[in-house]
Protein chains: 2
Amino acid sequence: MTFKATALRRDSLQQQIYDHLRSDIMTGAFKPGETLSSRSLAAELGVSAMPVREALTRLTTEGALELTTSRTLRLRLLTPEDLDEITAIRTDLEGRAAKRAAEQMTAESLARISKLNDDLTPAASSGNADRYLKANATYHAEIYKISGWPLLLSMIERLWLIVGPSIRTCVPDRDHMATSQGFHDAVMAALTKGDAEAVRTAIIDDIQTAAKDIRAFLASGQDH
Amino acid sequence: MTFKATALRRDSLQQQIYDHLRSDIMTGAFKPGETLSSRSLAAELGVSAMPVREALTRLTTEGALELTTSRTLRLRLLTPEDLDEITAIRTDLEGRAAKRAAEQMTAESLARISKLNDDLTPAASSGNADRYLKANATYHAEIYKISGWPLLLSMIERLWLIVGPSIRTCVPDRDHMATSQGFHDAVMAALTKGDAEAVRTAIIDDIQTAAKDIRAFLASGQDH
DNA sequence: ATCGTTGATCTGTGATCGCAGATTGCAGTG
DNA sequence: CACTGCAATCTGCGATCACAGATCAACGAT
């Protein structure tokens with residue numbers, strides 16, 4: 001938890017805390033089923049429980065956390081059915097965002113994406129899961145941002161928020177990173193060629209193979 | 001505002017308030033640009049400002065409300081670009097939900113939908129906008145619920161939350177209700193025939209013609 | 001030694017208070 | 001009459017306290 005409570009208030013405290021937790025969850029800083037409490041988080045961050053609880057409430061309504069019967073918050077556990085649903089929605093939304101991004105792509109945007117992809121390749125071969133996950137998240141997010149549709153991006157990020165923890169427990173597999181990187185290269189090739197439909201299918205392939213790996217992991221029951 | 005604070009706490013107070021406001025916004029109880037404040041709402045509901053502000057915060061992060069520079073909350077105003085984005089996402093998500101609902105349809109479900117459609121027809125011809133909007137919202141929601149995918153439904157409802165107020169200002173047009181009802185009849189016909197793809201296209205047609213009407217209204221600038 | 005009970009301590013949730021900006025309206029001055 | 005300026009009042013936001021339910025550990029009885 002690397003949080004600076006002393007930072008100037010560009011946003012409200014709860015907004016900063018929300019953004020911080022959201023980013024951490026998306027990149028897999030927490031394990032599925034892990035419990036969080038507003039008071040302990042607040043003490044850790046050096047603030048009162050007030051802004052923390054509002055941030056946690058928001059994450060709960062978005063489906064990232066769930067409230068147990070014993071009134072304790074924990075990271076949501078995915079069922080195979082949940083994963084199927086999320087994967088289907090992801091193919092729709094991320095497919096559309098990727099295609100539109102390809103259509104709106106400029107030389108500057110393409111250069112930025114290319115650089116992120118260059119960061120991603122060594123991260124994948126290094127086998128460092130944390131580094132790879134963060135690079136992967138920013139890579140995808142940057143593409144979707146280029147679509148110019150902020151609501152679409154926020155809805156996609158909500159889905160990442162839910163699958164993030166499960167991705168983290170599955171991705172230490174070096175094979176996963178390698179095959180995923182193959183799809184990313186396909187995305188780059190299609191982007192430079194300006195083939196929007198190819199970009200879309202490459203992104204969808206990436207999503208679906210990732211879902212396949214996660215599903216295998218869920219079936220093994222290792223996260224319970 | 002018909003809210004019973006004395007109700008038994010099936011859920012937390014903030015959850016009840018959130019659900020209540022959400023439903024009101026979706027069915028157009030508030031006008032675009034209308035301002036809301038936590039204290040006045042709290043006084044109106046007979047509770048403290050605490051649960052109300054958490055509900056309003058949630059609605060803000062979902063894009064239904066926006067925080068002005070003068071620290072006041074108001075219902076989001078849609079730009080034509082916003083509408084294009086939302087409409088595109090709606091066709092993806094509601095199209096998928098409708099198709100899947102058609103595939104999962106049972107005799108009981110079909111009867112329930114058919115009854116809701118029967119409620120909808122007289123509401124459309126009556127010209128009563130409030131009645132029509134509520135019947136329309138429950139009709140669509142009931143179909144999407146049958147898909148068996150709760151996350152998909154909640155994401156769709158988030159979109160309704162954003163377009164809801166604008167639909168309310170546009171729908172008093174009797175022609176709109178009539179043409180929309182035509183699509184609903186097409187949905188029913190396709191559902192009874194078991195043609196999932198036809199259900200999907202009928203829903204998409206409904207969404208896109210509604211968007212066309214809203215766009216015309218936005219262009220007239222009547223909501224500013 | 002084992003089982004049952006009880007109290008301390010977690011949890012989320014609601015109420016209340018105070019603070020800092022921003023708006024509004026009324027008063028005073030030119 | 002027009003304009004300026006100050007004060008009352010609104011806003012969201014954070015801190016703090018209180019309360020009910022649930023967990024858990026320690027203690028006492030059998």
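Between the CG atom of L13(B) and the P atom of dC19(D) there is a distance of 17 Å, rounded to whole Å. Going from atom CD of E54(A) over to atom P of dT13(C) covers 12 Å, rounded to whole Å. One interatomic measurement links the two molecules: CE of M50(A) to P of dA15(C), which rounds to 12 Å at whole-angstrom precision. Computed from coordinates, the L41(B) CG to dC10(D) P distance equals 15 Å when rounded to whole Å. For the pair R58(B) CZ and dG12(D) C1', the computed distance is 18 Å after rounding to whole Å. Computed from coordinates, the R74(B) CZ to dT23(C) P distance equals 12 Å when rounded to whole Å.
Using modelled atom types and a 3.5 Å distance limit, the side chains of S114(B) and N117(B) yield no donor-acceptor pair. Donor-acceptor pairing under 3.5 Å is recorded for the side chains of T68(A) and S70(A). Residues S180(B) and Y132(B) have side chains that bring a donor and an acceptor to within less than 3.5 angstrom of each other.
Residue Q14(B) is classed as a sugar-phosphate contact, given heavy-atom separations below 4.0 Å to backbone atoms only.
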Note to self: Using a 4.0 Å heavy-atom cut-off to protein, can you give one letter per nucleotide of nucleotides 5-12 of chain C, 5' to 3': B if the base is in contact, S if only the sugar-phosphate is, - if neither?
What the structure shows: ------BB
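Residues W160(B) and E94(B) meet the side-chain proximity criterion, which asks for heavy atoms closer than 4.5 Å. Using a 4.5 Å cut-off on side-chain heavy atoms (C-beta onward), L83(A) and T87(A) make contact.
A salt bridge is absent between D130(A) and K134(A): the closest approach of a Lys/Arg side-chain nitrogen to an acidic carboxylate oxygen does not fall below 4.0 angstrom. Of the charged side-chain nitrogens involved, none lies within less than 4.0 Å of a carboxylate oxygen, so that R100(A) and E103(A) do not count as a salt-bridged pair.
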Below 3.5 Å between N/O atoms, which protein atoms pair up with nucleotides 7-9 of chain D? Just atom names and distances, please.
none

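A search for side chain to side chain donor-acceptor pair (under 3.5 Å) contacts involving D84(A) returns R215(A), not counting sequence neighbours.
If you check distances only, the side chain of R53(A) does reach the base of dG14(C) with a donor-acceptor pair under 3.5 Å.
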